[in-house]
Amino acid sequence: MLIRILLVVLVFSYQTGFGASVLPVADVIRDKVEQIRAGTTLDVGGQTVSSVLVLPALYERYNYTPIWNNPRAVRQLIEALEQVINDGLVSSDYHLPAILALHADNSDRELPTAADLDILMTDALIRLGYHLLVGKVDVEELDAHWNMTTTIGDLDTILSFAEAIESAQIPELIEQLRPNHPYYENLRQGLARYRAIREKGGWPNVEPGSTLKPGMTDKRILQIRARLNMTGELVDAVSTSDAYDETLVMAVKKFQENHGLTPDGIIGPASLAAMNVPVQERINQIKVNLERARWVLHDMQDEFVMTDIAGYEVSYRRGGKIIWTTRAQVGKPYRKTPVFKDQIRYLEVNPTWTVPTTILRNDILPRLAKDSAYLQQMDM
């Protein structure tokens, strides 16, 4: 271990030109790390260092000498921080502007700048890894019903970070920390696609009007063609017909299915409203779902049952394919459906269903008082 530390010191001396000054750099790093251990908030280069467990342990492992001695690893980290937008994250959350500024200012090899740059890069990688593995939002603070608890900071984590920095394998480390699931990758691809649409100016709005059914003719058909061409449901970009023909019907059905609507090909208020949601709002929705995916998709089995609360649907999935789906009853905002992740231990077939007291008192009895035929209408 002593030989290894000595080699790290010698390599850093050669690459940075500090020579014998590497030890003072280590002293600066040690002082800053001790501030963290003392419970003091550490500000470096105008940035707050967030890692209070992994970062001190990592520097202790290296006897407080600089960690980022491999120029290739530094380039990889900067490139990774520039690309976090693809995960719905923001590069400034990981000190990128400050890192770039310090990297430029470090040409004179000043000791405080070198120490600050090393610490910020370390904190940036740890913070990014934490957010990919756990998420940015504390799930249990957001909602007590969530039970997705993941930790970062054990010895294996520290060793994997150290190895990735030493061997310049930052992209491989990030890929390991990112949820390894097709749904997550689909969301990333969708985010990139919608951002590309935004760069082109977004999609055109469809004017309000009466419901459109197959075979009808309407001036808004051209707007609908342009709208669905933009998002790929319709691939016929040359038609100028204002007739609601079979090709457009199939495209509308695909759009409706993609947005959780009944795929009947009838363009009513709900379908028009979905078409007119701004592209930025869709981008925000994807970013939110990327965050939710980071909460739940780690260590997901190949075979699982998923409840889509927003879509009122339960599905059984295996091998990346939907095997079976059924409708689901979902709670109202003031009686939320709990969100959790657990193992199915038993299955009850054809259960009886008795109206819960709360639903009976708050929902059914008031409706029955207004309409005596309500129970018959609901087949109850």
Side-chain angles (χ1 to χ4, degrees), residues 88 182-183 185-290 306 308-315 317 321-330 332-333 367 370-371 373-374 376-379:
Y183 297 128
E185 184 56 32
N186 289 342
L187 285 169
R188 293 181 79 237
Q189 292 175 8
L191 181 60
R193 186 163 64 91
Y194 276 87
R195 279 193 168 128
I197 292 173
R198 182 184 62 186
E199 293 305 311
K200 295 177 181 178
W203 46 66
N205 271 1
V206 180
E207 295 176 11
S210 58
T211 297
L212 295 172
K213 297 182 180 180
M216 295 178 67
T217 300
D218 192 287
K219 66 177 184 178
R220 292 174 297 156
I221 293 298
L222 292 177
Q223 298 172 357
I224 294 170
R225 289 185 187 278
R227 167 65 181 83
L228 299 185
N229 264 312
M230 186 66 75
T231 46
E233 288 87 4
L234 182 66
V235 294
D236 180 12
V238 297
S239 177
T240 57
S241 172
D242 61 356
Y244 191 12
D245 56 27
E246 186 60 30
T247 300
L248 184 56
V249 170
M250 296 304 296
V252 169
K253 287 182 178 180
K254 186 175 182 181
F255 175 87
Q256 290 171 328
E257 189 172 337
N258 290 342
H259 290 80
L261 302 170
T262 302
D264 54 12
I266 298 174
I267 308 174
S271 293
L272 283 176
M275 289 181 186
N276 287 333
V277 171
V279 63
Q280 184 59 52
E281 187 171 332
R282 293 299 185 202
I283 288 172
N284 293 341
Q285 289 174 337
I286 295 174
K287 290 168 66 176
V288 168
N289 281 294
L290 277 164
M306 176 182 288
D308 180 358
I309 296 175
Y312 299 87
E313 183 181 82
V314 174
S315 59
R317 302 170 184 241
K321 297 181 180 179
I322 298 177
I323 307 300
W324 171 83
T325 62
T326 187
R327 294 180 300 168
Q329 184 72 32
V330 177
K332 298 181 183 295
R367 293 176 184 175
K370 294 179 181 179
D371 183 2
Y374 175 74
Q376 288 180 316
Q377 294 169 4
M378 301 301 295
D379 194 25

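Contact detail for Leu261 and Ala274: the closest heavy-atom pair is CD1-CB, 4.1 Å. Ile197 approaches Trp203 most closely through the heavy-atom pair CG2-CE3, 3.9 Å. Shown here for Gly265 and Pro214, the closest heavy-atom pair between the two residues is O-CD, 4.0 Å. Nearest heavy-atom pair, Ser315 versus Thr325, reported as atom, atom and distance to 0.1 Å: CB-CG2, 3.7 Å. Closest of all the heavy-atom pairs between Ser241 and Arg225 is O-NE, 2.9 Å. Between Glu313 and Ala328 the shortest heavy-atom distance is N-CB, 3.9 Å.
Side-chain atoms of Glu233 never come within 3.5 Å of backbone atoms of Gln256 as a donor-acceptor pair (strictly under, hydrogens ignored). With hydrogens and angles ignored, the 3.5 Å screen pairs a side-chain donor or acceptor of Asn289 with a backbone N or O of Gln285.
A distance of 4.0 Å separates CZ of Arg198 from CD1 of Ile283, quoted to the nearest 0.5 Å. Rounding to the nearest 0.5 angstrom, the gap separating the CD1 atom in Ile221 from the CE atom in Met216 is 8.0 Å. Taking CE of Met275 as the reference point, atom NE2 of His259 lies at 9.0 Å (rounded to 0.5 Å). In this structure, CZ in Arg195 is found 8.0 Å from CD in Gln280, a value given to the nearest 0.5 Å. Rounding to the nearest 0.5 Å gives a distance of 5.5 Å between CD1 of Ile286 and CG of Leu191. Atom-to-atom distance recorded for Lys253:NZ and Asp264:CG is 8.0 Å, nearest 0.5 angstrom.
Note on residues 265-289: no pairs pass salt bridge (charged side-chain N to carboxylate O under 4.0 Å, His left out), not counting sequence neighbours.
The 12-atom threshold is exceeded at CD of Gln189, counting heavy atoms of other residues, nucleotides or ligands nearer than 6.0 Å. The environment of Gln376 atom CD is sparse: at most 12 non-hydrogen atoms of other residues, nucleotides or ligands sit within 6.0 angstrom.
Note on Glu185 versus Arg188: salt bridge recorded, some NZ/NE/NH1/NH2 to OD/OE distance being below 4.0 Å.
Partners of Asn205 under the side-chain contact (heavy atoms from CB on, under 4.5 Å) rule, at least two apart in sequence or in another chain, are Asn276. Tyr244 pairs by the ring pair (Phe, Tyr, Trp, His ring centres under 6.0 Å) definition with nothing, not counting sequence neighbours.
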Subject >> side-chain contact (heavy atoms from CB on, under 4.5 Å) assessment of Gln377 paired with Asp371 >> reply: CA-CA 10 Å; Gln377 294 169 4; Asp371 183 2; 3.1 Å; yes
**OP:** Please test Ile267 against Arg220 for side-chain contact (heavy atoms from CB on, under 4.5 Å), starting from the C-alpha separation and ending with a verdict.
**Re:** CA-CA 11 Å; Ile267 308 174; Arg220 292 174 297 156; over 6 Å; no
**OP:** Kindly determine whether Val252 and Leu212 satisfy side-chain contact (heavy atoms from CB on, under 4.5 Å), including the steps that lead there.
**Re:** CA-CA 11 Å; Val252 169; Leu212 295 172; over 6 Å; no
Original post:
Hey, mind stepping through Arg227 and Thr231 against side-chain contact (heavy atoms from CB on, under 4.5 Å) and telling me if it holds?
Top reply: CA-CA 7 Å; Arg227 167 65 181 83; Thr231 46; 2.9 Å; yes
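Between Gln223 and the choices Val206, Asp218, Leu228, the side-chain contact (heavy atoms from CB on, under 4.5 Å) rule is met once, by Val206.
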